[in-house]
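First the structure, in the form of structure tokens, and then the observations on it.
Residue numbers begin at 1 in each chain, while the letters A, B, ... track the order of the sequences. No hydrogens, no waters, no symmetry mates; every other heavy atom, side chains included, goes into these values.
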Amino acid sequence: MKLKQSFLLAAMIAAISATSTLAHHGTATSYDQKKTLTVKGTISQFLWRNPHTALFVAIKDEQGNTSEYAVEMWSPGLMVKQGYTRTTFKVGDQITLEVHPSLAGKPVGECLGCKLLINGKDPRNNRTEP
Amino acid sequence: MKPVIALVYCILFASAGAAQVQKAPADVSGIWVRGGGGAGGRGSAMSQWSPEQLPLTPEGLKQLNANKPGKGPRAVPPAFGNDPMGGANPPGLYRTLIYNRPFEIIQFPNRVVQLFEWAKVWRVIWTDGRAVPEDVPEGPFWYGHSVGKWEGETLVVHTLALDERAWLDEWGIPFSSEAKFEERWRRTTPDKLELTLKITDPVYYTRPWTSDAKVYSLQPKGELIEMIFAPIDEKEFNDRVRDPAAGKN
């Protein structure tokens, strides 16, 4: 595990919401579209690639153990339309985002237009609420 | 021959081809997209050619059941499906045409060219008066071989030699190597382009069937971007995101 100890301050809090997302390469069959999971942690990697961008977050459980949470995101073209850029997600920044979690219960989620804050602010407008 | 005259000859023969070139009675050029949303569609419920029950033969039904898509009523988690695009293979012609990503049409005197954003590929429809071949020895192709002619203001395109490993749509609808296709393109209004697709495939379907009309909207300010699925990227995404999401590893 390449994650640095200094990155760690995460906790995962599950909450339910009724949001839904259209299928994106079969996301509806892999992620629970009826649940929202809040993921908090430190950005460890961001892949700006077609047709999916992907975010990896270092999270920490109550015992202090660290692990990686993977997040499927839009294509770069759609990310730009949503106001994000290839430099929005910087390694080491603190991030909170609300994902649709893996139906298999794995540490993977989908964030297709989901709410997210980086270092406490919406990176698109610097507001503290997304 | 003077250089200028030689150049004119070259341009004429390079662009116009055979003498039977038909003057296009309609202009279908421009950037078009289904749904009118510009670049970056997501597919889903739009991604089927016909909402009706398809007249499958037993062999067609067998192939349909063998195709395991990530979308539609038969969807499985992509990690457990066999969508050829899951390995970054080409979407193929008809899956491209039904997916809501934009394409540009450019008309020449002897051909119509479609430039697809999805996979950044092009397709040529020959309108130089040639006959539709019975076979294309070099085929099959992911994007087929197409010959078109104008019937009034409708561009009628016959396509064959399509690689049967491609799917017709996001839902895994199959076609066989014997399939032949007829597309009818018509600009119904200045900013709308309509396509219907007729499929004749005696191996997989008991009779020819025709799609409902698919409508594309003109994108006057649209620009195509690159949308390439690179195998190296898809593999990493599958290994680290898609497969774990489904509990595959």
Approximate separation, where rounding is to 0.5 Å, of A/R49 CZ and B/F229 CZ
14.5 Å
Where do A/A54 and B/V241 come nearest, in terms of heavy atoms and distance?
CB-CG2, 4.2 Å
Could you list the residues that satisfy side chain to side chain donor-acceptor pair (under 3.5 Å) with B/R74, not counting sequence neighbours?
none
List in chain and number order the residues that pass salt bridge (charged side-chain N to carboxylate O under 4.0 Å, His left out) with B/D212, two or more places apart in sequence or in another chain; answer none if no residue qualifies.
B/K214
Structural part of B/E226 lying under 4.5 Å from a heavy atom of chain A:
backbone
Quick one: closest heavy-atom pair of A/S102 and B/A245, and the distance?
OG-O, 2.5 Å
The reported gap from CG in B/D243 to NZ in A/K106 (rounded to nearest 0.5 angstrom) is 12.0 Å
Atom pair NZ/CG of B/K120 and A/N50 - distance to nearest 0.5 Å:
11.0 Å
To check you understand the geometry: which heavy-atom pair defines the closest contact between B/P244 and A/V108, and what is its length?
CB-CG2, 3.7 Å
Write down the atom of B/G70, the atom of A/T29, and the distance for their closest heavy-atom approach.
O-OG1, 3.9 Å
For the residue pair B/A246 and A/A104, what are the closest heavy atoms and their distance?
C-CB, 3.5 Å
Got a sec: does the CD of B/E52 have more than 12 other heavy atoms crowding it under 6.0 Å?
no
